[in-house]
Peer 1: 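Below is one structure. I have some questions about it.
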2 protein chains.
Amino acid sequence: MEKNLKRLATMQRMEVKGLELFYSKGYSNTSVDDILKELSLSKGAFYYHYESKEDFFIQIIQNLLVRKVYSMLIEPIEGHENPLQLITNCFDEALECAVHNEMDYGFLLSNFLNEFNGRNARIMAPLNDILKVWEVNLVSAIQRGKFNGFVDRHVDSEGAAVYLMSSFIGIRTLMVESSPSARKYRFMAQLRQYFKSIEASHTSV
Amino acid sequence: MEKNLKRLATMQRMEVKGLELFYSKGYSNTSVDDILKELSLSKGAFYYHYESKEDFFIQIIQNLLVRKVYSMLIEPIEGHENPLQLITNCFDEALECAVHNEMDYGFLLSNFLNEFNGRNARIMAPLNDILKVWEVNLVSAIQRGKFNGFVDRHVDSEGAAVYLMSSFIGIRTLMVESSPSARKYRFMAQLRQYFKSIEASHTSV
DNA sequence: ATTGTAACAGACCAGGTGGTCGATATTAAA
DNA sequence: TTTAATATCGACCACCTGGTCTGTTACAAT
């Protein structure tokens with residue numbers, strides 16, 4: 001049973017390093033050799049564990065990317081408090097994390113989305129799955145908010161979710177190059193403004 | 001004087017086709033030969049006019065991309081009417097255009113932004129220039145709106161601009177693969193919601 | 001110790017990449 | 001018609017890419 005422990009260990013090493021390089025240089029600008037070189041491994045090792053580069057990347061998505069997005073954007077908004085507050089805190093933390101990361105290349109998920117959008121259906125499938133989970137989670141958070149009297153009942157939950165996802169993806173793109181901190185601050189202020197407009201009206205309480 | 005007319009003609013052909021392929025396949029997944037093949041031109045022709053592939057791409061940005069973004073996102077919001085209405089119409093039209101384009105790969109500018117963000121300073125420079133022009137234009141439109149009584153005076157123009165850019169970039173990414181039309185509709189509804197929250201309050205009139 | 005298999009090494013390959021370079025075609029001026 | 005600059009051709013190069021394959025190690029079971 002412990003025999004495939006080594007197997008999983010090297011696979012983990014390859015996938016972690018792979019994600020790191022794919023993120024920083026892009027998928028097609030990162031060669032299999034690039035990854036192997038940094039790990040002092042050989043082609044033989046790689047193609048013993050994976051059928052192809054594409055297959056390898058799909059494994060990375062399902063093993064690593066899913067969890068990252070989950071812990072960064074989904075788990076933090078699962079709670080019974082005001083969902084608008086949860087989302088605000090969640091976005092704030094995620095953006096703050098990006099600000100402090102001096103080697104920031106944007107939002108992991110959306111970078112890959114952009115690279116494969118309309119170009120590679122096999123890779124897009126698991127990426128879209130992640131997107132869907134995120135969306136569903138946002139929708140249910142907002143609906144919870146309606147039920148608990150935090151969010152105006154007339155608000156379209158799906159619409160708000162799409163709007164939130166859009167703005168997050170976009171701000172992460174805009175934060176990479178110029179004045180990330182300032183842009184984060186401005187973004188968060190407008191997000192609160194938007195939230196104010198969809199929260200349950202105070203007069204009706 | 002008309003001697004360099006032929007020169008400009010073939011350069012135009014190469015750049016137009018280049019942009020088309022760079023957009024649909026990405027910069028690094030498009031080879032110079034790909035472009036040349038479609039135009040029945042040879043390497044010699046290409047490297048007679050351009051120093052390198054990178055140089056070629058920068059020319060494309062400055063000659064074609066700038067104009068496209070300008071006519072699509074900047075020019076339509078230059079007017080003396082309600083800027084929030086102008087921006088709404090502008091976004092609506094841009095998104096509608098994407099919905100009807102069966103070969104949509106996302107927002108031209110943001111695709112390249114994503115591909116080169118933090119990776120290629122020479123290419124990022126002209127891309128950031130375009131971004132800046134867009135931002136400045138949005139800011140001044142909103143300020144105009146404040147002056148003319150359409151937008152609440154307490155609104156942070158820079159913040160609103162960043163927020164608008166973010167959401168637009170994001171929605172274009174989300175519209176590529178799944179149900180673009182539905183997402184566009186939801187997005188526009190929430191955009192109007194946000195605009196309602198920053199327009200000049202009716203009570204103060 | 002022997003065996004068998006899982007894990008890895010690394011030479012190798014075919015195809016593609018950006019880019020070079022001398023030969024050639026086109027064309028406007030002399 | 002000659003000339004000379006402009007514009008284009010296409011063979012060529014060094015290098016890199018994903019992927020294959022044969023061989024070698026490490027190690028658990030017998």
Side-chain angles (χ1 to χ4, degrees), chain A residues 1-61 63 112 115-116 119-123, chain B residues 1-61 63 112 115-116 119-123:
Chain A
M1 266 299 158
E2 280 103 37
K3 66 166 89 174
N4 65 359
L5 221 122
K6 189 179 185 187
R7 172 188 180 83
L8 292 177
T10 55
M11 285 177 81
Q12 182 76 3
R13 279 182 51 198
M14 287 198 263
E15 289 172 22
V16 168
K17 180 61 73 177
L19 180 58
E20 181 188 326
L21 293 187
F22 287 150
Y23 172 58
S24 65
K25 310 202 301 172
Y27 174 80
S28 47
N29 280 323
T30 303
S31 71
V32 175
D33 282 320
D34 287 340
I35 300 163
L36 265 14
K37 208 173 293 168
E38 291 214 22
L39 297 173
S40 299
L41 286 173
S42 67
K43 278 272 178 67
F46 184 87
Y47 283 96
Y48 175 75
H49 294 291
Y50 305 99
E51 288 199 351
S52 67
K53 184 189 177 186
E54 189 172 302
D55 226 68
F56 172 61
F57 185 58
I58 291 177
Q59 291 286 329
I60 290 180
I61 296 172
N63 295 336
F112 295 138
E115 188 163 359
F116 298 105
R119 293 159 189 156
N120 187 323
R122 260 194 83 214
I123 292 185
Chain B
M1 266 298 157
E2 281 103 35
K3 68 166 88 175
N4 63 0
L5 220 121
K6 188 180 185 186
R7 171 186 181 83
L8 292 177
T10 56
M11 287 178 79
Q12 182 77 1
R13 278 182 52 197
M14 288 198 261
E15 289 172 21
V16 167
K17 180 62 73 178
L19 180 58
E20 180 188 325
L21 293 186
F22 287 150
Y23 172 58
S24 64
K25 310 203 298 172
Y27 174 81
S28 47
N29 280 321
T30 304
S31 71
V32 176
D33 282 321
D34 287 341
I35 300 162
L36 265 15
K37 208 173 295 168
E38 292 214 20
L39 298 173
S40 301
L41 287 173
S42 67
K43 277 274 179 65
F46 183 86
Y47 283 96
Y48 175 75
H49 293 291
Y50 305 99
E51 288 198 352
S52 66
K53 184 189 177 187
E54 190 173 303
D55 225 69
F56 172 61
F57 185 57
I58 291 176
Q59 291 287 327
I60 290 180
I61 296 172
N63 294 336
F112 295 138
E115 187 162 358
F116 298 105
R119 294 162 187 153
N120 187 322
R122 260 194 83 214
I123 292 185

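Worth saying up front: this structure is predicted, and the values here are computed from it rather than measured. The sequence lines fix the lettering, A, B, ..., with proteins before strands; numbering per chain opens at 1.
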Peer 1: Look at all strands and tell whether K53(A) reaches a base, only sugar-phosphate, or nothing, counting heavy atoms closer than 4.0 Å.
Peer 2: sugar-phosphate
Peer 1: Between atom NE2 in H49(A) and atom P in dG19(D), what is the gap in whole Å?
Peer 2: 16 Å
Peer 1: Is there a side-chain contact between D33(A) and K43(A) in this structure, where contact means two heavy atoms from C-beta onward sitting under 4.5 Å apart?
Peer 2: yes
Peer 1: Any base atoms under 4.0 Å from S28(A), or only sugar-phosphate, or nothing? Heavy atoms, all strands.
Peer 2: nothing
Peer 1: Kindly point out which of dC9(D), dA6(C), dG10(C) is positioned nearest to the side chain of S42(A)?
Peer 2: dG10(C)
Peer 1: Looking at dG19(D), dA7(D), dC9(D), which one has an atom nearest to any side-chain atom of R7(B)?
Peer 2: dA7(D)
Peer 1: Just to verify, which of K17(A), M14(A), H49(A) counts as forming a side chain to side chain contact (heavy atoms under 4.5 Å, CB included) with L41(A)?
Peer 2: M14(A)
Peer 1: Can you tell me the distance, in whole Å, between the OH atom of Y50(B) and the P atom of dA7(D)?
Peer 2: 12 Å
Peer 1: So, does T10(B) get its side chain near the phosphate of dT8(D), meaning an N or O under 4.0 Å from OP1 or OP2?
Peer 2: yes
Peer 1: Are any of the side-chain nitrogens in D55(A) or R122(A) under 4.0 Å away from the carboxylate oxygens of its partner?
Peer 2: yes
Peer 1: Parallel, tilted or perpendicular: which one describes the rings of F46(A) and F56(A), with boundaries at 30° and 60°?
Peer 2: perpendicular
Peer 1: For D34(A) and dG19(D), give me the distance from atom CG to atom C1', rounded to whole Å.
Peer 2: 16 Å
Peer 1: Let me know the distance between OH of Y47(A) and P of dA7(C), rounded to the nearest Å.
Peer 2: 19 Å
Peer 1: For K43(B) and dA14(D), give me the distance from atom NZ to atom C1', rounded to whole Å.
Peer 2: 12 Å
Peer 1: Report the distance from atom CG of D55(B) to atom P of dT20(C), rounded to the nearest whole Å.
Peer 2: 12 Å
Peer 1: For the pair made of NZ in K6(A) and C1' in dA28(D), what is the distance, rounded to whole Å?
Peer 2: 12 Å
Peer 1: Is it the case that the side chains of N120(B) and E54(B) hold a donor-acceptor pair, with the cut-off being a distance below 3.5 Å and no angle test?
Peer 2: yes
Peer 1: In whole angstrom, what separates K25(A)'s NZ from dC16(D)'s P?
Peer 2: 12 Å
Peer 1: Is the phosphate of dT17(D) approached by S31(A) (side-chain N or O, under 4.0 Å from OP1 or OP2)?
Peer 2: yes
Peer 1: Between G44(B) and L8(B), who's closer to the 5' end of DNA chain D by nearest nucleotide?
Peer 2: L8(B)
